Colleague: 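For reference, the structure I am asking about is given below.
Heavy-atom basis, side chains included; hydrogens, waters and symmetry copies ignored. Here the structure is a predicted model, which means the values were calculated and not measured.
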Amino acid sequence: MRKTLTAILTLTFILALALPAFAETQKATFVLGQQSYTVDGVTKQMDAKAFAENGRTYVPVRYLGYALGMSDKDITWNQQTQTATLNWPHYTKFVELTLGNKRMYVCDGPKDWHTTMDVAPLARDGRIYLPARFVAEAFDYYVGWDPTTRTVTVSKEPLSEPVGGGMIPGSITPVPDGGGWTNTTQPWNDLDDIPWVN
């Protein structure tokens, strides 16, 4: 009996070490024009740069997913439908965005809804760029913009000074639209010219 118990405990310990632990990102930053970003203080490289266009900031979908704690298997692109999907690791929440379409679909377990963004995902130089603010807020992150350093911050905790910060996480107000849910609330914004990340 003692050998069986020891074997079970040993196997459990080995499996616990072998399985990757999901570490939720606490804070990530992207700076316009740079091919690097930080996640919890660690600098990481991108093969594309964040940029601003039409008053909004755009970041490649893959690196936005990485910044939120996702891995390659959690980020998919469907070439046929032109849809990017980001799956929250170890949860039933996912977000779908379609190239050129301002509607974002959010599924959170038994609840799902659509929200209308003020920008659409776009393609540039072989990369898909997403609206980081909307995606991050769908995954319950706060988003802020520092115009001095041209830095977008995505944080699990409220930002000390939300200069142009987004809505409070979870504050998307779904309204029935006959075919799902639509967010009709406008994001809080005290500056009209804030570039947001895609």
Side-chain angles (χ1 to χ4, degrees), residues 20-79 81-91 93-102 104-106 117-157 159 162-166 169 187 191 193-198:
F22 172 63
E24 188 170 51
T25 298
Q26 295 303 306
K27 185 177 181 182
T29 59
F30 292 89
V31 180
L32 290 187
Q34 292 190 6
Q35 283 190 247
S36 63
Y37 63 105
T38 63
V39 176
D40 294 332
V42 177
T43 301
K44 300 180 180 276
Q45 295 301 311
M46 300 187 289
D47 60 3
K49 295 178 182 178
F51 67 90
E53 185 172 284
N54 298 323
R56 295 291 179 257
T57 305
Y58 291 84
V59 170
V61 59
R62 185 153 307 280
Y63 298 103
L64 176 57
Y66 293 161
L68 296 177
M70 297 172 194
S71 67
D72 284 330
K73 67 179 176 48
D74 304 313
I75 307 161
T76 59
W77 170 251
N78 183 320
Q79 182 66 32
T81 63
Q82 301 282 286
T83 301
T85 303
L86 293 96
N87 291 290
W88 195 241
H90 307 292
Y91 296 99
K93 182 179 264 191
F94 67 89
V95 170
E96 287 182 349
L97 301 104
T98 303
L99 196 63
N101 190 332
K102 292 183 179 181
M104 176 176 70
Y105 174 72
V106 181
M117 304 174 289
D118 59 3
V119 293
L122 57 83
R124 177 166 292 175
D125 299 325
R127 288 282 175 254
I128 305 303
Y129 290 82
L130 295 183
R133 192 194 90 204
F134 288 95
V135 174
E137 288 175 351
F139 289 116
D140 300 326
Y141 278 83
Y142 294 83
V143 181
W145 166 250
D146 183 339
T148 305
T149 60
R150 297 171 52 91
T151 301
V152 174
T153 301
V154 176
S155 175
K156 208 55 180 154
E157 297 297 321
L159 301 168
V163 178
L191 299 173
D193 57 349
I194 296 172
W196 292 103
V197 176
N198 252 25

Colleague: Do any N or O atoms from the side chain of T151 and from the backbone of T149 form a donor-acceptor pair under 3.5 angstrom?
Modeller: yes
Colleague: Please determine whether side-chain contact (heavy atoms from CB on, under 4.5 Å) holds for the pair E53 and L122, giving the CA-CA distance in whole Å, both sets of side-chain angles, and the decisive distance to 0.1 Å.
Modeller: CA-CA 11 Å; E53 185 172 284; L122 57 83; 3.9 Å; yes
Colleague: Show your reasoning for whether side-chain contact (heavy atoms from CB on, under 4.5 Å) applies to R133 and V152.
Modeller: CA-CA 9 Å; R133 192 194 90 204; V152 174; over 6 Å; no
Colleague: Do you know which two heavy atoms are closest between G100 and A120, and how far apart they sit?
Modeller: C-CB, 3.5 Å
Colleague: Taking the cut-offs as 6.0 angstrom to the six-membered ring centre and 45 degrees off its axis, would you call R124 and Y129 a cation-pi pair?
Modeller: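 The answer is no; the distance or angle limit is not met.
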Colleague: R150: what forms a salt bridge (charged side-chain N to carboxylate O under 4.0 Å, His left out) with it, not counting sequence neighbours?
Modeller: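 Per chain and number, R150 pairs via salt bridge (charged side-chain N to carboxylate O under 4.0 Å, His left out) with no residue.
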Colleague: With heavy-atom distances below 4.5 Å as the criterion, would you say the side chains of K44 and V39 are in contact?
Modeller: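 Heavy-atom side-chain distance check passes, below 4.5 Å.
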Colleague: Identify the two heavy atoms, one from N87 and one from F94, that lie closest to each other, and give their separation to 0.1 Å.
Modeller: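 Closest approach of N87 to F94, heavy atoms only: OD1-CB, 3.1 Å.
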Colleague: Side chains of D118 and P131: does their closest heavy-atom pair fall under 4.5 Å?
Modeller: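 No; the side chains remain at least 4.5 Å from each other.
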Colleague: Under the rule for salt bridge (charged side-chain N to carboxylate O under 4.0 Å, His left out), what residues qualify as partners of D47, not counting sequence neighbours?
Modeller: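 Residues passing salt bridge (charged side-chain N to carboxylate O under 4.0 Å, His left out) with D47: R127.
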Colleague: Tell me every residue that passes salt bridge (charged side-chain N to carboxylate O under 4.0 Å, His left out) with D72, counting only those two or more places apart in sequence or in another chain.
Modeller: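 Listed in chain order: R62.
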Colleague: Test of understanding: with side-chain contact (heavy atoms from CB on, under 4.5 Å), list the residues that count as partners of T38, not counting sequence neighbours.
Modeller: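 Applying side-chain contact (heavy atoms from CB on, under 4.5 Å) to T38 gives T29, T43.
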Colleague: Under 4.5 Å between any side-chain heavy atoms of D140 and K156, yes or no?
Modeller: yes
Colleague: Do the non-hydrogen side-chain atoms of T98 and M104 ever get within less than 4.5 Å of each other?
Modeller: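 They are not in contact (no side-chain heavy atoms under 4.5 Å apart), so the answer is no.
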Colleague: List for me each residue that meets side-chain hydrogen bond (donor to acceptor under 3.5 Å, both in side chains) alongside Q79, sequence neighbours excluded, and say none if there are none.
Modeller: W77
Colleague: With side chains defined as the heavy atoms from C-beta onward, is the minimum distance between L68 and W88 less than 4.5 Å?
Modeller: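 The answer is yes, as the side chains (C-beta and beyond) meet within the 4.5 Å cut-off.
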Colleague: Do side-chain atoms of T83 reach the backbone of T81 as a donor and acceptor pair under 3.5 angstrom?
Modeller: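 Yes, the answer is positive, given that a donor and an acceptor are paired below the 3.5 Å cut-off.
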Colleague: Going by heavy atoms in the side chains, are F51 and L32 under 4.5 Å from each other?
Modeller: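 Not in contact.
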Colleague: To the nearest 0.5 Å, what is the distance between CZ (F30) and OH (Y58)?
Modeller: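 These two atoms lie 15.5 Å from each other.
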Colleague: With sequence neighbours left out, write down each residue that passes salt bridge (charged side-chain N to carboxylate O under 4.0 Å, His left out) with K49, or none if nothing qualifies.
Modeller: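 Scan of K49 (salt bridge (charged side-chain N to carboxylate O under 4.0 Å, His left out), adjacent residues dropped) gives none.
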Colleague: Could you tell me the separation between the OG1 atom of T76 and the CG atom of L86, rounded to the nearest 0.5 Å?
Modeller: 7.5 Å
Colleague: Heavy atoms, side chains only, cut-off 4.5 Å: are T85 and N78 in contact?
Modeller: no
Colleague: Please evaluate residues T153 and K27 with respect to the criterion side-chain contact (heavy atoms from CB on, under 4.5 Å), reporting the C-alpha separation (whole Å), side-chain torsions for both, the decisive distance (0.1 Å), and the verdict.
Modeller: CA-CA 7 Å; T153 301; K27 185 177 181 182; 3.6 Å; yes
Colleague: Find out whether V143 and F134 are in side-chain contact, i.e. whether some heavy atom of one side chain is under 4.5 Å from a heavy atom of the other.
Modeller: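 With C-beta onward as the side chain, the pair stays apart.
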Colleague: What pair of heavy atoms forms the shortest contact from A138 to K93, and how long is it?
Modeller: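 Closest approach of A138 to K93, heavy atoms only: O-NZ, 2.8 Å.
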Colleague: Find the distance between OH (Y66) and OH (Y37) and round it off to the nearest 0.5 Å.
Modeller: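 If we round to the nearest 0.5 Å, Y66:OH and Y37:OH are 7.0 Å apart.
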